Amino acid sequence: MLTLRRARRPLVALVALAAALGIGYTVQASDGDGPGSSSTNSSTNSPDSSLSSASSAGPATRPASAEPLAALPPEAAATVELIERGGPFPFPQNDGVVFHNFEHLLPGEPDGYYREYTVPTPGSPDRGERRIVTGSDGEFWYTDDHYESFERVDVGG
């Protein structure tokens with residue numbers, strides 16, 4: 001009987017761990033931030049409604065409409081042109097690589113959906129903070145603060 005009780009301890013611990021993970025997943029998913037969630041932040045459930053910027057006062061949102069490409073720095077338009085031509089890019093080891101969306105500020109998509117490209121910053125000794133991120137469905141996003149916030153970009157007009 002003593003061996004039977006010892007044999008059950010790992011099983012009970014395993015069941016308790018599975019239950020804790022299930023509860024944690026359920027709580028996280030109900031907050032809208034769990035795996036498979038397509039919300040951009042906890043204040044909205046629509047992935048296209050706005051983009052968020054983390055701040056100490058909570059997430060800030062921007063309007064849902066896309067920013068015209070002409071409103072961005074001229075280097076952003078040059079980067080979009082390079083993307084549409086397929087290069088060559090100023091940082092070939094970094095441009096066109098998968099953007100993993102770790103910040104969860106872009107709409108939730110499978111890993112590999114987004115690609116990032118450097119938008120050169122005049123006078124910067126390195127790549128700077130500006131990027132264009134593209135989605136597999138043809139959407140474009142711009143950040144000038146190294147993924148702290150994004151603006152959707154209308155490259156067609």
Side-chain angles (χ1 to χ4, degrees), residues 17-18 20-157:
L17 177 62
L21 288 172
I23 291 169
Y25 178 80
T26 302
V27 168
Q28 185 179 21
S30 70
D31 287 342
D33 294 332
S37 171
S38 63
S39 67
T40 57
N41 62 47
S42 59
S43 65
T44 179
N45 289 326
S46 173
D48 291 326
S49 66
S50 68
L51 298 171
S52 65
S53 171
S55 72
S56 59
T61 58
R62 295 186 181 175
S65 61
E67 188 77 21
L69 184 58
L72 299 179
E75 297 83 9
T79 299
V80 167
E81 186 178 319
L82 286 177
I83 293 167
E84 290 175 340
R85 280 196 335 232
F89 300 104
F91 298 91
Q93 291 187 339
N94 302 104
D95 292 330
V97 301
V98 171
F99 176 73
H100 298 284
N101 196 23
F102 293 136
E103 297 81 4
H104 303 289
L105 296 177
L106 298 180
E109 296 290 349
D111 199 35
Y113 180 86
Y114 295 110
R115 301 275 172 178
E116 70 172 280
Y117 301 87
T118 305
V119 176
T121 303
S124 177
D126 55 23
R127 291 177 66 208
E129 296 187 334
R130 304 188 305 182
R131 303 286 186 274
I132 294 279
V133 175
T134 62
S136 294
D137 286 341
E139 65 273 36
F140 285 72
W141 307 89
Y142 175 74
T143 178
D144 61 4
D145 53 17
H146 203 256
Y147 320 123
E148 292 290 321
S149 66
F150 288 90
E151 299 177 58
R152 187 156 185 171
V153 179
D154 177 7
V155 299

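Here, residue 1 is the first one in the sequence, and each next residue gets the next number. The model shown is predicted, which means the values in this text are computed figures rather than measured ones.
- V133 places none of its side-chain heavy atoms less than 4.5 Å from the side chain of R115.
- Here the side chain of T143 pairs a donor or acceptor atom with the backbone of S149 at under 3.5 angstrom.
- Contact annotation: the side chain of L105 never approaches that of Y147 to less than 4.5 Å [non-hydrogen atoms, C-beta and beyond].
- In this structure, the separation between CD on E84 and CZ on F140 is 5.0 Å, given to the nearest 0.5 Å.
- In plain terms, the two heavy atoms of P88 and R85 that are nearest each other are CD-NH2, 4.3 Å.
- For F150 and Y114, the gap between ring centers reaches or exceeds 6.0 Å.
- E116 contributes atom CD, which lies 12.0 Å from atom CZ of F91 (distance to the nearest 0.5 angstrom).
- Of all heavy-atom pairs spanning P122 and E75, the tightest one is CG-OE2, 3.2 Å.
- A heavy-atom distance below 4.5 Å is not found between the side chains of Y113 and P107.
- With rounding to the nearest 0.5 angstrom, the CZ atom of F99 is 12.5 Å from the CD1 atom of I132.
- With T118 as the partner, the side-chain hydrogen bond (donor to acceptor under 3.5 Å, both in side chains) test is satisfied by one option alone out of D95, T79, D126: D95.
- Summarising the geometry, atom CG belonging to D145 is positioned 12.0 Å from atom CZ belonging to R130; distances are rounded to the nearest 0.5 Å.
- Closest approach of G156 and D154 over heavy atoms only: N-OD1, 3.0 Å.
- Remark: the backbone N or O of L106 is paired with a side-chain donor or acceptor of N101 at under 3.5 angstrom.
- Of all heavy-atom pairs spanning P90 and L82, the tightest one is CD-CD1, 4.0 Å.
- Across all non-hydrogen atoms, the minimal contact from R131 to V119 is C-CG2, 3.8 Å.
- Among all heavy-atom pairs drawn from H146 and G128, the shortest one is CD2-O, 4.3 Å.
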